[in-house]
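Order of the sequence lines sets the chain letters (A, B, ...), proteins ahead of strands, with each chain counted from 1.
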Number of protein chains: 2
Amino acid sequence: MAATILDVSKLCGYSKATVSRAFASPEKVKEKTREKIYQAAQTLNYTPDAIARAMVRGRTDNIGFIIYEKQYPVVLNPFYSPIFESVLQTCTRRGYSLFISSDRELRLPNGQTCVKKQLDGVILAGHSDERIVNDLRRQNMPVVLLNNRLDMEGLLCVTTDQYGGGMLAMEHLLERGHRKIGLLAGEFSPHVYNSRYKAYCDALTKAGCLPEDRYIRRVEPVTEHAIEAAMELLNGKDRVTAIFATNDTIAIGAMKAAIRMGLRIPQDIAVVGYDDSENSRMIEPELTTVRVDKASMGRIAAERLISQIEGEEPCRDTIQTSVELVIRGST
Amino acid sequence: MAATILDVSKLCGYSKATVSRAFASPEKVKEKTREKIYQAAQTLNYTPDAIARAMVRGRTDNIGFIIYEKQYPVVLNPFYSPIFESVLQTCTRRGYSLFISSDRELRLPNGQTCVKKQLDGVILAGHSDERIVNDLRRQNMPVVLLNNRLDMEGLLCVTTDQYGGGMLAMEHLLERGHRKIGLLAGEFSPHVYNSRYKAYCDALTKAGCLPEDRYIRRVEPVTEHAIEAAMELLNGKDRVTAIFATNDTIAIGAMKAAIRMGLRIPQDIAVVGYDDSENSRMIEPELTTVRVDKASMGRIAAERLISQIEGEEPCRDTIQTSVELVIRGST
DNA sequence: TCTCATAATGAATACGTTCTCATTTTTTCG
DNA sequence: CGAAAAAATGAGAACGTATTCATTATGAGA
């Protein structure tokens, strides 16, 4: 049905080869010829077939974005959304299209990888593991890790200073005089969890306090769970005066718990979050939080992946984007 | 580098055709043969090449999801995120992969549609227009509209009862005795905007009130703008006692404005939102809002598109999913 | 005008599958 | 057991493009 290069060729009288060149590398064909070819193409409503093109070039100009975050049923959560936006922009600018999928889709029942030859490279976001990376590498698929860190030879990881960010949050609370600080720790990838937990402990210790288990709760990053856990920390006469939550959704849960218990924020209870996602400005007062440079993360990951696809060697193993404390009304 | 069907063929002694069948339609090959072929494939780490496959079948098993919402810089906003999730699930279950893009990506500089032959069909979300649909149709591309309505021959639109939803919200406020009701109307597609605006006017009129321009503000669906507009409505002695916001982000802006002005929710000012996005439960008190069945929207759009791809004729032009009022603390 | 270099074009092949049609093997059943 | 039917397999074309290599047209310099 659709016109092919042959139809155009016949209509304008030039060979298939020349027509092909007119589209794929216009500078190699005489201007006058090119015009005639484009004219013919237009009347036939012809566009080069991307599949046939990919077939012979061995490249599709498609990139995959795959999110592994088991705890979130929603593929696109407030943290990844801006990252994704940035990845999409970068890819578009450089002529690539973007595939997206959750982890379920990567492997088909028969063990095939549906990704094969469909994609020129893959961005793995969240907590993927060595096995997944190895699977992809065995197929010579360029890979970049996003918001995760795995120590594998030549594997590029784009992440942030998790420990430093945690420190920023804790030092801010300590500076304001808080000593009884609760930790609401979300269940993320080990890399993320461990770094932020360590920052919590180190900061307290440095300030002469002892981290106490009764002030610490592990929670799923879901508002309801966070509310429950926060209520425990806020109950009793020995309650905490501040809470460090390891992401904004959890922090908002903590604030909601406080409001429901009649506590004033920040006078009675201060809350610091992490990520600076959209949510952080939805609540009132707005949330003090650790801002992660999500736009850069996405851009860098995409750019490095594309460099790799286009033949350059990865120059560094790990790239850390900056973190910054944004102080708002909750502290 | 990567193994092809020919390598497998040589290793196991069967012809290319049989190897191909072993993967594409296993029931057509003897079990014993199949096992040997799989074995050989495994040792060679072979997987059928999706591109070559697409080339000969004329199908890619890829679907595109394209969002047109100019006012939102973020491709994936809280409204579309669950819809997208649902689309992704449905596609995955039925063996399709998902491409995503904003409108910028659809057309390349030279006027080509990069979509051509890469995709088996497209879901157009947000306010796309006739021109776009026609472009795609000229290439025989199956199309489904999501959250929008265009009167075009045989075009399937999956939407919701915008007017009915608006009515639910307004009648709820009227029942609670409110008469001075403000409208914060987000700038969405004409279809959406007009329906909700009409519901606002009709409900008021039916209750014997006259819609007044001073109670109505058009706003971009961004929290800051909503806060400003809400403050205008809440100022002065003649202020409104309730606000109907045409989406949750705007409603949250209204609530934040009220809180900042020292008004109590819902005693001094009631707020109803629209969409029931995640945000609606982030604020305290939580937001009364019109729930849109986003999961169904996504599922239905994907299913109908796939039916169309697989050869069935669309049965209805417009499908409306249900709306429902969720009453929470803000009213 | 002629020669040589260079630019522009064409013919043919390759990319890795699926599918049709023909052929061979296996099964069924009288 | 033998013939017919059914199942399994193989040979080869086709999908629509990019690219290599050969050929032809164009232009520059003397």
Under the side chain to side chain donor-acceptor pair (under 3.5 Å) test, residues paired with B:T43 that sit two or more places apart: none
N/O (side chain, A:S20) to phosphate O (OP1/OP2, D:dA18) under 4.0 Å: yes
Whole-Å gap separating P (C:dG16) and CD (A:Q118): 15 Å
Residues which pass ring pair (Phe, Tyr, Trp, His ring centres under 6.0 Å) with A:Y38, listed by chain and number, not counting sequence neighbours: A:F23
Length of the line joining B:Q139:CD and D:dG16:P, which is rounded to integer Å: 15 Å
By side chain to side chain contact (heavy atoms under 4.5 Å, CB included) - contacts of A:E27 (at least two apart): A:S25
Test item: side-chain donor near acceptor, A:Y96 and A:R59, under 3.5 Å: yes
Separation of C:dA7 P from A:R21 CZ (nearest whole Å): 14 Å
Euclidean distance, atom NZ of residue A:K16 to atom P of C:dA12 [Å, nearest integer]: 10 Å
Stretch residues 25-40 of chain A: residues that reach within less than 4.0 Å of DNA chain D through a heavy atom: none
Rounded distance in Å - CD1 (B:I51) to P (C:dT18): 13 Å
Nearest-angstrom distance from the residue atom CG of B:D49 to P of D:dC15: 19 Å
By side chain to side chain donor-acceptor pair (under 3.5 Å) - contacts of B:D61 (at least two apart): B:R57
B:Y14 OH - C:dT24 P separation (whole Å): 17 Å
Touch class at under 4.0 angstrom, heavy-atom based, for B:T4 against every strand present: sugar-phosphate
With A:T18 via side chain to side chain donor-acceptor pair (under 3.5 Å) - residues at least two apart: A:S15
Touch class at under 4.0 angstrom, heavy-atom based, for B:A24 against every strand present: sugar-phosphate
Rounded distance (Å) that lies between atom P of C:dT17 and atom CZ of B:R53: 10 Å
Upstream residue (5' side of DNA chain C) when A:T18 and A:M55 are each assigned their closest nucleotide: A:T18
Salt bridge B:E310-B:R94, side-chain N to carboxylate O under 4.0 Å: yes
